[in-house]
Number of protein chains: 2
Amino acid sequence: MTNIRKIAQLAGVSVSTVSRVLNDHPYVIEEKRQKVLAAVKELNYIKNANAVYLSKGKTYCIGVVLPFLNLPYFGEILEGIAGEALKHGYHLKIFQTDYEKDAELDAFHRLQMKEVDGLIITSRANSLDTLHSFMEGLNVVFCENLHGVAKKVFINHYEAVRTGMDYLHSKGHTDIGLCLHRTFGTNSEERVRGFYDAAEAAGNEVREDWIFNECIHLKDGRDVVGQWEALKDKPSALIVTSDQVSAGIVSQAGRKGIVVPDELAILSFDNHPISDVFDITSFDMPIRQLGEEAFRLFFEEDHLSPVILETSLHERKTV
Amino acid sequence: MTNIRKIAQLAGVSVSTVSRVLNDHPYVIEEKRQKVLAAVKELNYIKNANAVYLSKGKTYCIGVVLPFLNLPYFGEILEGIAGEALKHGYHLKIFQTDYEKDAELDAFHRLQMKEVDGLIITSRANSLDTLHSFMEGLNVVFCENLHGVAKKVFINHYEAVRTGMDYLHSKGHTDIGLCLHRTFGTNSEERVRGFYDAAEAAGNEVREDWIFNECIHLKDGRDVVGQWEALKDKPSALIVTSDQVSAGIVSQAGRKGIVVPDELAILSFDNHPISDVFDITSFDMPIRQLGEEAFRLFFEEDHLSPVILETSLHERKTV
DNA sequence: GTGAAAGCGCTAACAG
DNA sequence: CTGTTAGCGCTTTCAC
């Protein structure tokens, strides 16, 4: 392995001068600089990143914690983070958790070990209590409105659902159901809260069996239609927190001869391209921006005010 | 910063004993082991990953080069790689390229700097000639059938397209078009070759203006329909190399009143859940497996025989 | 402007 | 079983 010392030797200078040249520091006379450069070329020298990181105590790498990699939502967040990271010379390390608590804790451990300079938690499996002891003094950004956390960016899900409910009310719906990714996590809780608050404000009943959980993939939408059909009392509208699931619902409804929106209205979230294809009325979620802001929160060390992102409704044909 | 030396001091042993305990090496008397563990606990010691990596000359991290993060294809590959990597204690570093040559070269440079132990190239922007000089003696896996490359895993696109063409021929189609992601890259070239070979074998004409390029996203399918309509002589069937694009085509055809498959048949690739939703006849592509095999090629140092993955046709209703 | 030298924190060969 | 010691390769302070 050819190292900085060999370069110094061949160039007839000290290692510190080599280091200076390599890092574009000033105060190196042109003649020596050229000698160093020549030696680098001759010995085919390439600097060792780990040595740099150890010495600097920094890795210019940020860890991203996410449950799945094959979901558009997380793909889009990643794009946002990666784009912003690139601008600042940072790379991304992926910690896929499948919502396994241990896998998530591993990511925090890696942060403690200085394997990454920070962590962006896009979605979480452990309780905040558990995580707190792992993140003292460390740079961790959460993508949810978590109390007692300094760095956070989130979409205003509460407001979105309330707005959505009002929109459905205005269309004459009183019996409204909800399809959720999951119930754990602030984002989901906020949606549920908005759902209940809006129903109460409008004086409408909320039924537990109108809340569908674990709706994640396209095929889950299909299953929802089955469950909806089996209901004795059916909601006339569904708020669905993912366009993938909505697309599954709409397509399955089509097969079953269920008329959307007359028999079942769908109000969706994401405004992913697929909602356009299926003409699904959907809230635009600035997911990419969520990723970008998350990186900024990490990067600007003293950026401690939460970032709140708003949604906007795209009316199409399912309500 | 509390380091291994401090632990040794507090525990009254040498650093090597501490190291042994920390790495579960045998030959440490239980009493000392306990003392070390106690000291670790007391000082809240956490080992520094970069120091380990520098010392070992290994990072247990593999780099994945990909153009986009928000495409199902790459999400699925990532899942495959990540799943397999996890089993062997490896992490993933992402190098998103947007097909920018320099961004791709940066990944190779990081490999040279020992920032990652290897690289999986899921899709490539630079010529192999360019890359060759960056990968001597390094562990690089390609996801395409590249000549002069040892480690490679790929789907048999040539065979898939030929099979698909024969299938379309058997359904009476002679005028067949092709929708590609892009023309650069072995995978695309193989598909084009299969396309031409099959047409020639069947004695059918191939027209340049029946080949649509840059078809990547859902919306691109929509545009293809527009271009198809504008054609004086229209193909009666299209082979489309992405379910996303096919979904766009099918949905847009529906809006325009173009009857699928009677007026336009669609034979797609991926067998992604979306093809099920749209009843699209599609070749199942073992993409996740592609990722898994890619990691294995990396991991098994002397695993030098190429891995070829086959596709299988899922008949639905668009042909 | 430049170099010596002291880290950064851990691993592992070697001697005992 | 255990300790000494020499790295791994780079950065950075400090003195000249």
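A, B, ... follow the sequence lines: proteins, then strands. Residue 1 opens every chain. Computed from a predicted model, the values in this text were never measured in an experiment.
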Problem set entry | salt bridge (Lys or Arg N to Asp or Glu O under 4.0 Å) partners of B:Lys87, counting only residues at least two apart |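 B:Glu84.
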
Problem set entry | Partner residues of B:Arg20 under the salt bridge (Lys or Arg N to Asp or Glu O under 4.0 Å) criterion, sequence neighbours left out |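 Here no residue qualifies.
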
Rounding to a whole Å, what distance do you find between [X]:[atom1] and [N]:[atom2]?
X: B:Gln112; N: D:dG9; atom1: CD; atom2: P; value: 16 Å
X: B:Lys114; N: D:dC10; atom1: NZ; atom2: P; value: 11 Å
X: A:Leu54; N: C:dT11; atom1: CG; atom2: C1'; value: 12 Å
X: A:Tyr53; N: D:dT11; atom1: OH; atom2: P; value: 11 Å
X: B:Lys6; N: C:dC10; atom1: NZ; atom2: P; value: 10 Å
X: B:Lys58; N: D:dC8; atom1: NZ; atom2: C1'; value: 16 Å
X: B:Asn3; N: D:dC8; atom1: CG; atom2: P; value: 20 Å
X: B:Gln9; N: D:dG3; atom1: CD; atom2: P; value: 14 Å

From [options], pick the nucleotide closest to the side chain of [X]?
X: A:Ser55; options: C:dC8, C:dC10, D:dG3; value: C:dC8
X: B:Val13; options: D:dC8, D:dG3, D:dT11; value: D:dG3
X: A:Val52; options: D:dG9, D:dT11, C:dT11; value: D:dT11
X: A:Arg20; options: C:dC10, C:dG3, D:dG9; value: C:dG3

For this session: Please list every stem that involves DNA chain D, where a stem is a run of 3 or more consecutive Watson-Crick or G-U wobble pairs with both pairing distances under 3.5 Å.
Result: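 When the pairs of DNA chain D are grouped into runs of at least three, the stems are C:1-16 with D:1-16.
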
For this session: Return the 5'-most residue of the pair B:Lys56, B:Val15 with respect to DNA chain D, ranking by each residue's nearest nucleotide.
Result: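 Its nearest nucleotide lies further toward 5', so the answer is B:Val15.
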
Exercise. Which pairs pass side-chain hydrogen bond (donor to acceptor under 3.5 Å, both in side chains) with one or both residues in residues 31-42 of chain B, sequence neighbours excluded?
Worked result: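 Matches after skipping sequence neighbours: B:Glu30-B:Gln34.
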
Exercise. According to the ring pair (Phe, Tyr, Trp, His ring centres under 6.0 Å) rule, which pairs have a member within residues 97-131 of chain A, sequence neighbours left out?
Worked result: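 Counting only pairs at least two positions apart or across chains, the ring pair (Phe, Tyr, Trp, His ring centres under 6.0 Å) contacts touching residues 97-131 of chain A are A:Phe68-A:Tyr99.
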
For this session: Kindly state each residue pair satisfying ring pair (Phe, Tyr, Trp, His ring centres under 6.0 Å) with at least one member in residues 22-51 of chain A, sequence neighbours excluded.
Result: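 Passing the test, one end in residues 22-51 of chain A: no pairs.
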
For this session: Using the test side-chain contact (heavy atoms from CB on, under 4.5 Å), find all partners of B:Asn3 that sit at least two apart in sequence or belong to another chain.
Result: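 Counting only residues at least two positions away or on another chain, B:Asn3 forms a side-chain contact (heavy atoms from CB on, under 4.5 Å) with B:Arg5, B:Lys6.
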
Exercise. For B:Glu310, which residues count as a side-chain contact (heavy atoms from CB on, under 4.5 Å) partner, sequence neighbours excluded?
Worked result: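 Listed in chain order: B:Asn156, B:Glu159, B:Ile308.
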
Problem set entry | Distance-only donor-acceptor check, side chains A:Arg182 and A:Ser123, under 3.5 Å |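 Note: A:Arg182 and A:Ser123 side chains meet the donor-acceptor criterion.
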
For this session: May I ask you to check whether B:His272 and B:Tyr73 place their ring centres under 6.0 Å from each other?
Result: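 No - the distance between ring centres of B:Tyr73 and B:His272 does not fall below the 6.0 Å cut-off.
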
Problem set entry | Sorted by number, the residues of residues 22-35 of chain A with heavy-atom contact under 4.0 Å to DNA chain C |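 Going residue by residue through residues 22-35 of chain A, the ones with a heavy atom under 4.0 Å of DNA chain C turn out to be A:Tyr27, A:Val28, A:Ile29, A:Lys32.
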
For this session: Answer yes or no: does a side-chain N or O of A:Ser14 lie under 4.0 Å from OP1 or OP2 of C:dA4?
Result: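 False: A:Ser14 side-chain N/O out of range (4.0 Å or more) of C:dA4 OP1/OP2.
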
Exercise. OP1, OP2 of D:dG3 versus side-chain N and O of B:Ser16: anything below 4.0 Å?
Worked result: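 No, no such contact exists.
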
Exercise. Base, sugar-phosphate alone, or nothing: which one does A:Thr17 contact when heavy atoms must sit under 4.0 Å apart?
Worked result: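 Sugar-phosphate, no base atom in range.
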
For this session: List in chain and number order the residues that pass side chain to side chain donor-acceptor pair (under 3.5 Å) with A:Ser14, two or more places apart in sequence or in another chain; answer none if no residue qualifies.
Result: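 A:Ser16, A:Thr17.
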
Exercise. For A:Ser188, which residues count as a side chain to side chain donor-acceptor pair (under 3.5 Å) partner, sequence neighbours excluded?
Worked result: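 Residues passing side chain to side chain donor-acceptor pair (under 3.5 Å) with A:Ser188: none at all.
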
For this session: Go through residues 44-51 of chain B and report each residue with a non-hydrogen atom lying under 4.0 Å from DNA chain D, sorted by number.
Result: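 Those residues whose heavy atoms fall under 4.0 Å from DNA chain D, taken from residues 44-51 of chain B, amount to none.
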
Problem set entry | Between CG on residue B:Asn70 and CD on residue A:Glu79, distance to nearest 0.5 Å |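 Nearest 0.5 Å value for the CG-CD distance: 4.0 Å.
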
